[in-house]
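Okay, structure first, notes after.
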Amino acid sequence: MTKKQNTIVFLIISTLANILLTLILLIALSLLAIAVLKDKTPAALPVVFIAALGLGILIYHKVLGIIIKKWNLEDKLDPLFVRKYNKKNS
């Protein structure tokens, strides 16, 4: 497979993992809000949703950097994608 094909497969898998992670965070934070804010849960749901999205993005970004470095994917992925995770190129 070429670098572009590897990058596309990597992005598809990591995007699906990001969606799953965000859903898990949304459910966990919703359950936490229900347990803590029993009567005011509907008012807190927009905050819970934004917090789940933000945490999902932060965790996704950190985990991708770790995965790319741990399995040495810099030479297997398209350089445009790897550049932001590889501190040597900047």
Side-chain angles (χ1 to χ4, degrees):
M1 289 176 64
T2 65
K3 285 186 178 186
K4 288 191 187 251
Q5 290 171 333
N6 288 339
T7 303
I8 290 170
V9 170
F10 184 77
L11 283 175
I12 290 171
I13 292 170
S14 61
T15 300
L16 291 174
N18 186 23
I19 292 169
L20 181 64
L21 173 67
T22 304
L23 286 174
I24 290 170
L25 286 170
L26 182 62
I27 292 168
L29 290 176
S30 295
L31 292 175
L32 182 66
I34 290 169
V36 173
L37 304 171
K38 296 174 180 134
D39 296 333
K40 298 179 183 178
T41 302
L45 287 180
V47 175
V48 167
F49 181 74
I50 292 170
L53 286 176
L55 283 173
I57 290 170
L58 287 174
I59 293 170
Y60 170 79
H61 185 71
K62 294 292 182 185
V63 169
L64 273 187
I66 291 168
I67 288 172
I68 287 173
K69 289 177 186 174
K70 182 177 180 179
W71 286 311
N72 195 22
L73 297 177
E74 291 96 355
D75 57 342
K76 296 172 186 71
L77 298 175
D78 195 31
L80 295 175
F81 179 69
V82 175
R83 188 174 303 143
K84 69 180 177 181
Y85 294 103
N86 189 358
K87 301 297 181 192
K88 296 177 208 170
N89 288 343
S90 14

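Positions are given from 1 along the sequence.
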Separation between CG (L45) and CD1 (I50), nearest 0.5 Å, reads 11.5 Å

Those residues at least two apart in sequence (or on a different chain) that pass side chain to side chain contact (heavy atoms under 4.5 Å, CB included) with V9 are M1, I13

Are L31 and V47 linked, directly or through other ILVMFWY residues, by side chains that come within less than 4.5 angstrom of each other? no

Closest non-hydrogen contact found for L21 with G56 is CD2-O, 3.8 Å

In terms of heavy-atom contacts, A33 and V48 come closest through CB-CG2, 3.8 Å

**Q.** I67-L16 co-clustered via ILVMFWY side chain contacts under 4.5 Å
**A.** no

To the nearest 0.5 Å, atom CD of E74 lies from atom NZ of K3 at 10.5 Å

Interatomic distance, CG@N6 vs CG@D78, rounded to 0.5 Å, equals 10.0 Å

Single-linkage hydrophobic cluster, 4.5 Å side-chain cutoff, I59 and F10 together: yes

The reported gap from CG in L20 to CD1 in I24 (rounded to nearest 0.5 angstrom) is 4.0 Å

Under the side-chain contact (heavy atoms from CB on, under 4.5 Å) criterion, do Y60 and T22 qualify, and how do the steps go? CA-CA 9 Å; Y60 170 79; T22 304; over 6 Å; no

Membership question, hydrophobic clusters at under 4.5 Å side-chain separation (ILVMFWY): are L25 and L53 in the same one? yes

> How far apart are the C-alpha atoms of L29 and L55, what are their side-chain angles, what is the distance that settles it, and do they pass the side-chain contact (heavy atoms from CB on, under 4.5 Å) test?
Replying inline: CA-CA 11 Å; L29 290 176; L55 283 173; 4.2 Å; yes

Between the CD1 atom in I19 and the CG atom in L26, the distance rounded to the nearest 0.5 Å is 13.0 Å

Taken to the nearest 0.5 Å, the spacing of L64 CG from L73 CG works out to 10.0 Å

Tell me if the NZ atom of K76 is crowded by more than 12 foreign heavy atoms within 6.0 Å.
yes

